[in-house]
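I have placed the structure first, in the form of structure tokens, so that the comments after it can refer back to it.
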Number of protein chains: 2
Amino acid sequence: MSKKVKIEADGSTEEKIKTAANIVFTKKGFSGTRTRDIAEEAGINLALLNYYFRSKEKLFDIVMMENIQQFLMGIKGVLNNQELSLTEKISLVAENYINLLREQPDMPLFILSEIKANPEKLATNMNVREILLKSHFYEQLRRALNDKVNPLHFIVNIISLTVFPFVASPLLKVVGELKQEDFDKMVEERKKMIPVWIEAMLKVH
Amino acid sequence: MSKKVKIEADGSTEEKIKTAANIVFTKKGFSGTRTRDIAEEAGINLALLNYYFRSKEKLFDIVMMENIQQFLMGIKGVLNNQELSLTEKISLVAENYINLLREQPDMPLFILSEIKANPEKLATNMNVREILLKSHFYEQLRRALNDKVNPLHFIVNIISLTVFPFVASPLLKVVGELKQEDFDKMVEERKKMIPVWIEAMLKVH
DNA sequence: AAATATTTTAATCATTTGATTAAATCATAC
DNA sequence: GTATGATTTAATCAAATGATTAAAATATTT
């Protein structure tokens, strides 16, 4: 008498809808997305979407939460690893993020846009704060800066240098006349350079 | 028999609509904005909006163009000034942008989101490329880097460090538990630090 | 295989929203 | 002050869109 008996092989309908929703939402944002687009992308009928998830907003919240989760999980392990030096951590964070963003380049602009439109939804998710500011990494950063500069500046700097090129990629491609291939090459170069740059920035304080 | 006879004192209706549109569009994006919201913000009837500007999209295009224009004009003068050293230019660019963005903090996320949604509209505006890459500044950058690194990386770096905190401000405020006041203090500090940081980054190459 | 539960569909509803229209108001010219 | 053109409004239209419904199809249990 259980509600879910069928063992879904690979892509259950529910999963297909979530995947499709992720694609469309991250590309067009919440208000730019029509539920019909998601249905089409998933290859299902519109009514199914409301059958599985009660509304567009519920579906959105799920997709959004999974995105933020994914964005944080990629570094959570690194930041509290007691074995790694500050420099090693920065290298790993930059590399992990660039790898993630090359696969999901629309993710950061999507997250930032929707958090701005609805900051209170994130406020619930306060563990973001814990992960970043109560980490071993943050402590290493604080020491390296000798309490002369707010370490938050460097959290911002690392994320800026890593993430911003993806947020600004359409602009960057036009300005630099870059093809996707050239853009990929650039962000690949940045994997090595960002840690060196951050190192240099730390030293001037 | 001229079409426009009335000499508008301060805020003509047309100007009021544009100002209102800018506020609402930059806050909610194109698809998140309802023309009724703009009308209300401007304190006018909805039909007036379609009387002055033919459609939501026409109004949007104008607002968008003025934003991009404003974003570029702030630095155009600086970049080609033959008198200024590279470091001086970086200082001025950072300071000018931070001043601009403190007044219009929603501008960059708005521009980036809408360019992504509609890159071809920007493509027409190719002078962005000219302003940045054919500038005296770019040449100074190229020399400072001894052709070892693509100067575009440093264009990206300067803009990243300057603009990204505003793009990510809702996130930054939650993570750092910052009030508006604290955020303002941080970006104010960055006016001085960004040039120092960039200097340090340049030296490691 | 019959009965039951689950999944999917086509059709439709109700609301939102961009846009239009026709009439009213206001300013300016004559 | 009347006429003319510009500006503004209230009412309404038409299309888009999120959601529902009732029935059909499919799977599962007995």
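All chains are named by letter (A, B, ...) in the order of the sequence lines, taking the proteins before the strands, and each is independently numbered beginning at 1.
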### Message
Restricting to side-chain hydrogen bond (donor to acceptor under 3.5 Å, both in side chains), what partner residues turn up for A:Lys28, sequence neighbours left out?
### Response
none
### Task
Using both pair distances under 3.5 Å as the test, note the stems of at least 3 consecutive Watson-Crick or G-U pairs that include DNA chain D.
C:1-30 with D:1-30
### Query
For A:Ile44 and C:dA10, what is the distance between atoms CD1 and P respectively, to the nearest whole Å?
12 Å
### Message
Can you tell me which residue among B:Leu141, B:Leu79, B:Asn80 is in a side chain to side chain contact (heavy atoms under 4.5 Å, CB included) with B:His136?
### Response
B:Asn80
### Task
Could you pull out all residues at least two apart from B:Gln140 that satisfy side-chain hydrogen bond (donor to acceptor under 3.5 Å, both in side chains)?
B:Lys89
Each nucleotide N or O in nucleotides 19-25 of chain D that has a protein N or O under 3.5 Å away: list the pair and distance.
from: D:dA19; atom 1: OP2; to: A:Lys56; atom 2: N; distance (Å): 2.8

### Task
Name all residues meeting the side-chain hydrogen bond (donor to acceptor under 3.5 Å, both in side chains) criterion together with B:Glu41; count only those two or more places apart in sequence or in a different chain, and write none if there are none.
none
### Message
With salt bridge (charged side-chain N to carboxylate O under 4.0 Å, His left out) as the rule and sequence neighbours excluded, what pairs involving residues 45-59 of chain B come up?
### Response
B:Glu57-B:Lys121
### Query
Do any pairs count as a salt bridge (charged side-chain N to carboxylate O under 4.0 Å, His left out) and have a residue in residues 96-119 of chain B, sequence neighbours left out, and if so which ones?
A:Asp106-B:Lys116, A:Lys116-B:Asp106, B:Arg102-B:Asp184, B:Arg102-B:Glu188
### Task
Return the value, rounded to whole Å, for the distance between atom CG of B:Asp61 and atom P of C:dG18.
15 Å
### Query
Tell me: CZ of B:Phe53 to P of D:dT8, nearest whole Å?
12 Å
### Task
Provide, to the nearest angstrom, the distance between the CG atom belonging to B:Asp37 and the C1' atom belonging to C:dT16.
12 Å
### Task
Check the distance between C:dT7's P and A:Leu48's CG and give it to me in whole angstrom.
10 Å
#### Entry: With A:Phe53 via ring pair (Phe, Tyr, Trp, His ring centres under 6.0 Å) - residues at least two apart
none
### Query
Between D:dA6 atom P and B:Tyr52 atom OH, what is the distance in whole Å?
11 Å
### Message
In whole Å, I'd like the distance from the NZ atom of B:Lys58 to the P atom of C:dG18.
### Response
16 Å
### Query
Could you state the CD-P distance from A:Glu15 to C:dT7, rounded to the nearest angstrom?
15 Å
### Message
Would you say that more than 12 heavy atoms from the other residues, nucleotides or ligands in this model lie under 6.0 Å from the NZ of B:Lys173, or not?
### Response
yes
### Query
Using a cut-off of 4.0 Å on non-hydrogen atoms, how would the nucleic acid contact of A:Ser31 be classed: base, sugar-phosphate, or nothing?
nothing
### Query
Looking at residues at least two apart in the chain, or sitting in another chain, which of them share a ring pair (Phe, Tyr, Trp, His ring centres under 6.0 Å) with A:Phe60?
A:Phe25, A:Phe30, A:Phe110
### Task
Please figure out whether A:Gly43 or B:Phe30 has its closest DNA chain C nucleotide nearer the 5' end.
A:Gly43
